[in-house]
Amino acid sequence: MPAPFRLYNTLSREVEDFTPAEAGKVKLYFCGMTVYDHCHVGHARAMVTSDMVARYLAHRGWDVVFVRNYTDVDDKIIRRAAEGGEAPLALAERYIASTQEDFRALGLITPTHEPRVSTSMGAIVQMITALVERGHAYESEGSVWFDVATFPEYGKLSGQRVEDMRQPDEAVPGKRSPVDFALWKAAKPGEPAWDSPWGPGRPGWHIECSAMALDTLGVEVDIHGGGLDLVFPHHENEIAQSEAAHGCAPYARYWMHNGLLTMASGQKMGKSLGNVFGIKEALKAFPAEALRIYYLQVHYRSPLPWNVEALPDALGLVARLYEAKDNAEQMEGDEPLAVVTRELGADAARVVELASSFRERFYAAMDDDFNTAKALGFAFELARAVNRFSNHKKAKKRGGPVARLALDAFAVLAEALGLLGQSGDAFVEEVKDKRLPALGLTREGVEEKLAARVAARAAKEWERADALRAELEEAGIQVMDRPDRVDWRIRLDVREDA
RNA sequence: GGCGCCGUAGCCAAGUGGUAAGGCAGAGGUUUGCAAAACCUCCAUUCAGCGGUUCGAAUCCGCUCGGCGCCUCCA
């Protein structure tokens, strides 16, 4: 049986117990990208949030059906394409490729379905037809509009009343009411168009998600999510269309919205505000896990200020966890756990205690509206205990049974949050691969200086050794003299422009 | 004008009725040739302010101040 959990429902504005439409199954629909540009770190937050939800629920035994769409037919795509003299779908195709590259780099799991508007026209036209037949939509000059007046519950998601809404400055010809919205837009010359009972045209922004959700998940979605900025009008309109068309069951049982990434000034990051920071830009110099923990440190519903300066700190958090994982991985021994625990003292017992209760505490936090910040706190506690234990002389040779409990706990992070999925060694190498070029360094150059310093130390030429170390440190390399070897790491307090 | 969110240490942040998780930075210590990492100790009588409810509030209510989002481009 899948584990029960609670989540905040935007519809009720309360944290509710989750009950699925079908026992054991969770049908997720998250709004994906409109592909007219490269994705930025604000999009990444939404994507990591949905990824976390899908990963975690699957980890907890739910049969997860995860849908994330691509909007590849859209006004902005058409405009961009016209500006560049490119076919709209070709432009969309390029940005889908770019987006997929980013999603892979972010380590996002692949959704069950990734429908595209351009290949969902049948479902879209069918749904609009149903709305017209049921009297919820009307055709006018080749366009079809949703008649908001026929859906009394309009505004229930965003808590707004039609009367209170600001009226647009200009009336749009063909619309009965300013709040009515387009289901189908008649094609203008030169625009991409698909055939329909109302003539050539293309879908309005909102209908696509309703149609694709119906197509992939059926009339009732369990959790529908997206950024907070989609609550109105996008999701409000989806509810109106879908519930009016289906005439039964709620469109989505739960609405989940992630807080927006804001700028230091507090304003949100948005393409229209011209203050974007690209995913590619961030991942060029930092491992994906740094970005991921940057998001996961904060509850998904809170606004999150974007601060590039904080990326090294985020990387430090991941590095700290990997350090513990690495320490645990290096411990050996196959004695019975009870023996090791008894003979290696209180620090071993502490690891056993924290590691064996980890799942319970981690799950409790996650089951309460996906409290990743709290859940991660437990991981840091465990990491400290592991590191403390690893200082014991006997830990490396005999601590294995204790360490394996900790590794089992860390494995939960990998499955549920997409963190700590690689070995400690591999992570250190990844950091070097990303950070060395960002700091203008090469492995060969570093190794060369390091070798010279090792020689100087062997000859006890401390001044020369210290001078070489100072050079490395200035460049951004931290030298670590271990008892058995010399190790080095990337300093996180040195910026690339230094 | 309408709807809604937020304000916790120098910084990030969890906690939403029972007496402040976690991380960074900082101070001292163990370790080290010296460092670094790691570990240990310390670091908010207090949760924007003012009232109220309560045996008890950061947590509930009211007001004030400050910041932000949405009201048909937006993850």
Side-chain angles (χ1 to χ4, degrees), chain A residues 10 13 15 30-34 36 39-50 74-76 79 155 158-168 172 178-182 204-206 225-234 236-237 257-262 265-273 293-294 297-299 301-305 307 310 312-314 316-317 319-320 323-324 327 347 361 365 371-381 383-392 457 460 462-463 465-466 469-470 473 478-483 487-489 491-493:
Chain A
T10 306
R13 303 197 186 279
V15 176
F30 280 89
C31 286
M33 296 300 310
T34 298
Y36 70 99
C39 302
H40 60 67
V41 289
H43 301 127
R45 185 187 191 193
M47 299 307 141
V48 167
T49 300
S50 57
D74 166 88
D75 288 354
K76 290 186 293 290
R79 195 175 62 234
S158 58
Q160 305 194 88
R161 296 183 307 170
V162 171
E163 313 86 81
D164 293 333
M165 289 179 190
R166 279 190 181 159
Q167 304 301 310
V172 175
V179 293
D180 290 352
F181 54 90
W205 177 32
H206 318 293
L228 197 58
D229 52 353
L230 294 182
V231 173
F232 191 92
H234 189 53
E236 192 73 71
N237 290 354
H257 294 98
N258 63 273
L260 302 179
L261 200 69
T262 63
S265 62
Q267 292 181 317
K268 81 171 189 177
M269 178 177 290
K271 289 175 184 172
S272 57
L273 297 171
I293 208 166
Y294 186 84
Q297 272 181 283
V298 179
H299 187 90
R301 281 194 281 122
S302 300
L304 208 204
N307 180 4
D313 292 344
L317 294 178
R320 184 172 168 72
E323 175 98 27
N327 279 331
D347 290 343
R361 290 176 297 140
N371 195 333
T372 54
K374 187 175 185 179
L376 279 172
F378 299 136
F380 285 108
E381 274 180 4
R384 188 168 60 228
V386 168
N387 289 339
R388 178 175 177 161
F389 174 53
S390 73
N391 284 339
H392 280 240
R457 287 188 78 219
K460 295 204 188 305
W462 305 125
E463 267 187 43
D466 289 351
R469 182 173 63 197
E473 285 182 0
Q478 184 60 59
V479 180
M480 297 143 107
D481 297 326
R482 309 285 197 193
D487 206 353
W488 60 281
R489 295 286 155 83
R491 282 180 64 182
L492 297 178
D493 53 349

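All figures in this text were calculated on a predicted structure; none of them were measured in a lab. To find a chain, count down the sequence lines: A is the first, B the second, and so on, and within it residues start at 1.
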Rounded to whole angstrom, note down the [atom1] distance from [N] over to [M].
{"N": "G10(B)", "M": "A44(B)", "atom1": "P", "value": "10 Å"}
{"N": "C42(B)", "M": "A9(B)", "atom1": "C1'", "value": "14 Å"}
{"N": "U16(B)", "M": "C6(B)", "atom1": "C1'", "value": "14 Å"}

Next item on the list: Could you list the residues that satisfy salt bridge (charged side-chain N to carboxylate O under 4.0 Å, His left out) with Arg301(A), not counting sequence neighbours?
Entry: Asp369(A)
Are the side chain of [X] and the backbone N or O of [Y] linked by a donor-acceptor pair below 3.5 Å?
{"X": "Arg491(A)", "Y": "Glu473(A)", "answer": "yes"}
{"X": "His392(A)", "Y": "Phe389(A)", "answer": "no"}
{"X": "Glu236(A)", "Y": "Gly155(A)", "answer": "yes"}

Looking for any heavy atom pair under 4.0 Å, which part of the strands does [X] touch: base, sugar-phosphate only, or nothing?
{"X": "Val298(A)", "result": "sugar-phosphate"}
{"X": "Gln160(A)", "result": "base"}
{"X": "Gly316(A)", "result": "nothing"}
{"X": "His234(A)", "result": "nothing"}
{"X": "Gly42(A)", "result": "base"}
{"X": "Arg457(A)", "result": "base"}
{"X": "Leu317(A)", "result": "sugar-phosphate"}

In whole angstrom, what separates [X]'s [atom1] from [N]'s [atom2]?
{"X": "Leu230(A)", "N": "G69(B)", "atom1": "CG", "atom2": "C1'", "value": "13 Å"}
{"X": "Asp313(A)", "N": "C11(B)", "atom1": "CG", "atom2": "C1'", "value": "9 Å"}
{"X": "Glu381(A)", "N": "A13(B)", "atom1": "CD", "atom2": "C1'", "value": "14 Å"}
{"X": "Arg482(A)", "N": "U31(B)", "atom1": "CZ", "atom2": "P", "value": "18 Å"}
{"X": "Leu492(A)", "N": "C12(B)", "atom1": "CG", "atom2": "P", "value": "19 Å"}
{"X": "Asp164(A)", "N": "G4(B)", "atom1": "CG", "atom2": "P", "value": "11 Å"}
{"X": "Lys374(A)", "N": "A14(B)", "atom1": "NZ", "atom2": "P", "value": "12 Å"}
{"X": "Asp493(A)", "N": "A35(B)", "atom1": "CG", "atom2": "C1'", "value": "14 Å"}

Would you please confirm or rule out a distance under 4.0 Å between OP1 or OP2 of [N] and any side-chain N or O of [X]?
{"X": "Arg388(A)", "N": "C40(B)", "answer": "yes"}
{"X": "Ser302(A)", "N": "A14(B)", "answer": "yes"}
{"X": "Asn387(A)", "N": "C39(B)", "answer": "yes"}
{"X": "Asn371(A)", "N": "G15(B)", "answer": "yes"}
{"X": "Arg320(A)", "N": "G22(B)", "answer": "no"}

Check: Starting at the 5' end of RNA chain B and moving along, which residue's nearest nucleotide shows up first, Ala465(A) or Pro233(A)?
Finding: Ala465(A)
Notebook entry, point to check: Taking the nucleotide of RNA chain B with the closest heavy atom to each, which residue, Asp74(A) or Arg161(A), is nearer the 5' end?
Noted result: Arg161(A)
Counting only Watson-Crick pairs (N1-N3 plus N6-O4 or O6-N4) and G-U wobbles (N1-O2, O6-N3), all under 3.5 Å, who is the partner of [N]?
{"N": "U16(B)", "value": "none"}
{"N": "C50(B)", "value": "G62(B)"}
{"N": "C43(B)", "value": "none"}
{"N": "A36(B)", "value": "none"}
{"N": "C68(B)", "value": "G4(B)"}
{"N": "A57(B)", "value": "none"}

Notebook entry, point to check: Measuring from Asp347(A):CG to Asn387(A):CG, what's the distance to the nearest 0.5 Å?
Noted result: 11.5 Å
Check: For the atom pair CG (Asp180(A)) and CG (Asn237(A)), what is the distance rounded to the nearest 0.5 Å?
Finding: 10.0 Å
Check: Is there a stack between Trp462(A) and G33(B), judged by ring centres under 5.5 Å and planes under 30°?
Finding: yes
Margin query: Let's test your reading of the model: under 3.5 Å, does the base of C34(B) pair with the side chain of Arg469(A) as donor and acceptor?
Written below: yes
Check: Do the rings of His206(A) and His234(A) sit parallel, tilted or perpendicular, given the 30° and 60° boundaries?
Finding: tilted
